Each structure stands twice: as structure tokens, then as C-alpha cells.
Enquirer: 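Please see the structure below; I have some questions.
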Amino acid sequence: MDLTRNVNVVLDKIAAAAIAAGRDPGSVELCAATKVQSDDVIRSAIAAGIRLCGENRVQELAAHLEGDAYAGARVHFIGHLQTNKVKQVVGKVELIHSVDSERLLRAIDSQADRLGLVQDILLEVNVAGEESKGGVVPERLPALAEMALGCPHVRLRGLMAIPPVSTVSGGNRKYFAQMRHFLVDIIGKIADNHNTVDCLSMGMSGDYEDAVAEGATLVRVGTAIFGPRPPVSPAH
Ligand SMILES: *Cc1c(COP(=O)(O)O)cnc(C)c1O
């Protein structure tokens, strides 16, 4: 696996998609989705130019932190987070992408309070209303955003989505465009407080160029950097 080549290809495609959309290529950040990768592979990716890693599972996050695998890069938590595991994540990552319930929001806020810090978060939106997926449904997003804006130990930074796997090119553009509208709605509602809502985390290996075209500021890419993953059992 030529990680340097893969990273450069992805970075070039992000830049090209941004320019084609009339955007500053510097306004889109690449987050390497490192699930199932070893400490050594993560170190190689960082040596190849990765500056931000996204971790899915609490257990893998803990192991990689323990092994100092992320040295030279920042870390985000991008996977589904259970309320009883917030202690292992709050204060250990720069941004939590996957906040999708009042209960989880409250748990993060109180853990951050306990640690005396403010945790940056995104709200995950189930943009296609898929039964089996995490994320707050669009109808409930305004209420959850309102609540997040009122949490003193949480700083709302924006939104994240994992649209369905699309079989046709451009198939997810409508969802990405919807996400941009949701973000604009939230920005329109914030008063002058401690929140800075400017992050739109969307786009994966199959569709990150479309996501950039529709306004993504952060794309989460795994396969296009690391190659195909072995099949994994569903998370519990
Ligand atoms: C695995 C994963 C990605 C990256 O998926 P690829 O299709 O391999 O690029 C992005 N976001 C989340 C939340 C993931 O779990």
C-alpha cells in the first residue's frame, strides 16, 4: 500500500473539487478514518501527510492513544458513541462528530464540566431518515441544536452526516446540499455566544468530491487511503 501516493491523490482531488466549486482548497480538511488500522499504519499515514485522524471505536481510540500512534496529528471521534463511554472520549479528542441525542449531549456536557473543559462537538444528522442508522432525524435537529447551544461545557461546531451508500455517481449530492441548508439554519439562530458553527463533516471514499462541491469542510476518508478493510462484525 503506497500511503503517500494515496494521500496525495485524495488531497489533489479535494483541491480540484474545491476549485471547481469556486471554493478555497484550504477550506476543506482531510480526516483519515483509521478504524481497524494498526499503530504502525497510522504512524505511516501521518508520515505520508495525514494531519487529522478519525477514530470510530472507543476501544481502538484508547489503544492508539496508549501507543502514542497519533503523534504529529490531531484526533477526532467519528463513530457511534454510547453514553456510558463518554469518559473515554471527552477531553481526549479535539472534536466528537457523532452527538445525536439529548442524553448523549448531557453526558458529554457533564463529563466536560467534571474535567473543567469545553468539548467541541458536531451533531450527527440522519439525513436520509434511514431506520438502521444513528443520527438525529432532521425534524428533531433544531431542538437538539438549541440544546447544544445552551450547554456551557460543549461548543457546537457544526454537523456531520453519513448518507446511504450511493450506487450512482452524484447520488448523495442532494443529501449533502440538505446538510448545508441545515447548517445555515443553525448559524442563523445563534446569538453571540461561545459557539462557532462552521464545520460540515460529510463525504467518504465514494463521494467526498461531491461533498466538497456541496460545502463539506471536512471529509472522512478510509478506503481511498488505506485500501479495503476486512469485514468487521457490527459494533455493540
Ligand atoms: C469508516 C468511516 C468513514 C470512511 O469510510 P470509507 O468509505 O472507507 O472512506 C467515514 N466516516 C465514518 C463515520 C466511518 O465509520
Side-chain angles (χ1 to χ4, degrees), residues 1-19 23-81 85-99 108 111-112 115-122 124 154-155 157-158 160 162 196 198-205 208-209 211-212 216-230 232:
M1 192 60 55
D2 188 342
L3 288 177
T4 303
R5 185 182 162 278
N6 292 354
V7 168
N8 286 329
V9 166
V10 173
L11 287 173
D12 286 348
K13 286 186 178 175
I14 290 170
I19 290 164
R23 302 183 55 201
D24 172 6
S27 66
V28 187
E29 186 164 29
L30 171 61
C31 174
T34 48
K35 59 175 170 271
V36 315
Q37 308 301 337
S38 66
D39 282 0
D40 280 343
V41 170
I42 292 173
R43 286 188 195 103
S44 305
I46 293 167
I50 289 299
R51 292 292 165 262
L52 173 62
C53 296
E55 210 53 72
N56 267 77
R57 299 204 182 177
V58 171
Q59 228 174 330
E60 289 182 55
L61 174 71
H64 294 315
L65 286 172
E66 177 78 26
D68 201 22
Y70 305 118
R74 290 138 49 228
V75 192
H76 289 180
F77 191 79
I78 63 175
H80 176 68
L81 180 55
K85 292 190 177 158
V86 297
K87 284 200 178 81
Q88 291 158 270
V89 179
V90 171
K92 307 207 162 157
V93 299
E94 184 185 71
L95 181 66
I96 300 173
H97 288 224
S98 46
V99 179
I108 292 170
Q111 177 62 11
L115 297 175
L117 52 85
V118 174
Q119 176 68 57
D120 280 7
I121 64 153
L122 302 179
E124 181 179 348
V154 156
R155 187 164 70 142
R157 295 298 316 277
M160 180 269 226
I162 310 174
T196 310
D198 56 8
C199 180
L200 208 42
S201 166
M202 57 187 193
M204 316 203 324
S205 292
Y208 65 90
E209 291 163 280
V212 170
T217 64
L218 187 158
V219 295
R220 308 173 313 267
V221 178
T223 311
I225 295 171
F226 299 107
R229 291 178 293 273
V232 284

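No hydrogens, no waters, no symmetry mates; every other heavy atom, side chains included, goes into these values. Computed from a predicted structure; not experimentally measured.
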Enquirer: Where the side chain of Q88 meets the backbone of Q59, is there a donor-acceptor pair that is under 3.5 Å apart?
Expert: no

Enquirer: Flag the pair I14 / P25 as yes when at least one side-chain heavy-atom distance between them is below 4.5 Å, and no otherwise.
Expert: no

Enquirer: If you measure only the distance, is there a donor-acceptor pair under 3.5 Å linking the side chains of R220 and S201?
Expert: yes

Enquirer: Please find the pair of heavy atoms, one from V221 and one from A224, that lie closest to each other, and give the distance.
Expert: CG1-CB, 3.6 Å

Enquirer: Which value, rounded to the nearest 0.5 Å, describes the distance between L3 atom CG and I225 atom CD1?
Expert: 8.5 Å

Enquirer: Say whether E55 and T34, considering side chains only, have a donor N or O and an acceptor N or O under 3.5 Å apart.
Expert: yes

Enquirer: When rounded to the nearest 0.5 angstrom, what distance separates CZ in R23 from CD1 in I19?
Expert: 11.5 Å

Enquirer: With a 4.5 Å heavy-atom cut-off, do E124 and V99 have their side chains touching?
Expert: no

Enquirer: Of all the heavy-atom pairs spanning A48 and T4, show the shortest one and how long it is.
Expert: CB-OG1, 3.5 Å

Enquirer: Do K92 and L65 come close enough that some side-chain heavy atom pair is under 4.5 Å?
Expert: yes

Enquirer: For the residue pair V10 and Y208, establish whether any side-chain heavy-atom pair is separated by less than 4.5 Å.
Expert: yes

Enquirer: Going from CG on L95 to NE2 on H97, what distance comes out if it is rounded to the nearest 0.5 angstrom?
Expert: 4.0 Å

Enquirer: Please step through side chain to side chain contact (heavy atoms under 4.5 Å, CB included) for the pair V90 and I96, ending with a clear verdict.
Expert: CA-CA 8 Å; V90 171; I96 300 173; 4.2 Å; yes

Enquirer: What heavy-atom pair brings V93 and Q119 nearest, and what distance separates the two atoms?
Expert: O-NE2, 3.2 Å

Enquirer: Once side-chain hydrogen bond (donor to acceptor under 3.5 Å, both in side chains) is applied, do any residues pair with E94, and if so which ones, sequence neighbours excluded?
Expert: R74, H76

Enquirer: Please walk me through it: do V219 and C31 pass side chain to side chain contact (heavy atoms under 4.5 Å, CB included)?
Expert: CA-CA 6 Å; V219 295; C31 174; over 6 Å; no

Enquirer: Hey, are the side chains of I46 and R51 touching, using non-hydrogen atoms and a 4.5 Å cut-off?
Expert: yes

Enquirer: For D12, give me all partners under side-chain hydrogen bond (donor to acceptor under 3.5 Å, both in side chains), at least two apart in sequence or on another chain.
Expert: none

Enquirer: Looking only at non-hydrogen atoms, find the nearest pair between G79 and S98 and report the distance.
Expert: O-OG, 2.6 Å

Enquirer: Are L11 and L30 side-chain neighbours, meaning at least one heavy-atom pair lies under 4.5 Å?
Expert: yes

Enquirer: With sequence neighbours excluded, tell me which residues meet side-chain hydrogen bond (donor to acceptor under 3.5 Å, both in side chains) with D40.
Expert: R43

Enquirer: Any side-chain heavy atom of V58 within less than 4.5 Å of one from L81?
Expert: yes

Enquirer: Could you go through H64 and I42, starting from their C-alpha distance and side-chain angles, then the distance that decides it, and tell me whether this counts as side chain to side chain contact (heavy atoms under 4.5 Å, CB included)?
Expert: CA-CA 9 Å; H64 294 315; I42 292 173; 3.4 Å; yes

Enquirer: Looking only at heavy atoms, what is the nearest atom pair of A33 and F226, with distance?
Expert: O-CE1, 3.4 Å

Enquirer: Between atom CD1 of I78 and atom SG of C53, what is the distance when rounded to the nearest 0.5 Å?
Expert: 10.0 Å

Enquirer: I need the H80 NE2 to N56 CG distance, nearest 0.5 Å.
Expert: 11.5 Å

Enquirer: With the side chain counted from C-beta on, respond yes when M202 and M160 share a heavy-atom pair under 4.5 Å apart, and no when they do not.
Expert: no

Enquirer: What's the spacing between L200 CG and R157 CZ if we round to 0.5 Å?
Expert: 12.0 Å

Enquirer: Please lay out, stage by stage, how Y70 and L61 fare under the test side chain to side chain contact (heavy atoms under 4.5 Å, CB included).
Expert: CA-CA 10 Å; Y70 305 118; L61 174 71; 3.8 Å; yes

